[in-house]
Amino acid sequence: MTGTLIVTGGSRGIGAEIARKAGSAGYTVCLTYHSNRAAADKVVSEIEKLGGNAHAFKADVAIEADILALFKYVDENLPPLSALVNNAGILETHCSIEDMTFDRLQRVFTTNITGSFLCAREAVKRLSKKHVGNGGGIVNISSAAARLGSPHEYVDYAASKGAIDTFTIGLSKEVADQGIRVNAVRPGVIYTEIHALGGEPDRVDRVKANVPMKRGGQPEEVADAALWLLSEEASYITGALLDVSGGR
Ligand code: NAP
């Protein structure tokens, strides 16, 4: 693969695995992080040890100025953009609607939805054959929660991922004739640190009995799907919502 791949939230979990696999696939990887610089640097050095090319950039996807700075950094320092993975996402403590504060809703929707929209906007300006680009790919990391709704845990998070699914379908049609494919991966329960944000670090082991395959997923299994969607092997696929959820 040639060109630069940006993966937001590439310092840990699914994003870190996407960054590693993208580095091995030949992309120049620009992985972003929110605050864990040490984790981001570790992923960069792992990619470099395998002969890849990687860069870490601090950017909060809930802040437009950070996103603009990220794309400016790529424009000025790295090969032309060829792919974006909108991976950064958050959830908050398990609760029901009665306890959802305005501030929480703002944080979840701004990070998960607005952040993905703004990164996609900047990517399209660079990838589109209508502008300066040669085409490319966007993968949005959604969630099986978009189908399941996550009652009494985080319906706000689930709804934000529903928005990402609709965004994926709409944007894919908007830019299909500009050389850009837009798809989403919908992970099920995956072993990462995100579950600690909900107040239940071991959530995957609690719910895995409800998964038809009777296990949680690994970040590598999600990353493989994302890289495949970006690859030439998926050249006629756009607007797809690919479940990576063990059948759930
Ligand atoms: P994670 O382990 O909690 O890692 C989150 C990553 O996002 C970290 O790199 C973190 O950076 C970064 N991040 C957090 N807030 C950010 C912000 N405001 N701006 C920029 N970056 C930010 O999460 P994960 O489980 O890998 O989840 C990745 C994606 O998969 C998310 O969109 C999530 O909704 C989705 N997903 C996960 C699961 C699952 O079971 N794990 C299931 C379905 C969907 P720092 O390291 O600096 O904090």
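Both ligands and their constituent atoms are indexed starting at 1 by order of listing.
Near ligand 1, Gly9, Gly10, Ser11, Arg12, Gly13, Ile14, Tyr33, His34, Ser35, Asn36, Ala59, Asp60, Val61, Asn87, Ala88, Gly89, Ile90, Thr111, Ile141, Ser142, Ser143, Tyr157, Lys161, Pro187, Gly188, Val189, Ile190, Thr192, Glu193, Ile194, His195 each place a heavy atom less than 4.0 angstrom from the ligand.
Put simply, the side chain of Ser172 never gets that close to the backbone of Thr238: no donor and acceptor are under 3.5 Å apart. Side-chain atoms of Asp60 come within 3.5 Å of backbone atoms of Ala62 as a donor-acceptor pair (strictly under, hydrogens ignored). Formation of a donor-acceptor pair under 3.5 Å by the His55 side chain with backbone atoms of Val44 is not found in this model.
Using a 4.5 Å heavy-atom cutoff, the side chains of Arg12 and His34 are not in contact.
Of the candidates Leu229, Asn183, Leu230, Ile180, Ile180 is the only one forming a side chain to side chain contact (heavy atoms under 4.5 Å, CB included) with Ile138.
Below 30°, between 30° and 60°, or above 60°: for Tyr154 and His94 the angle between ring planes is above 60°, a perpendicular geometry.
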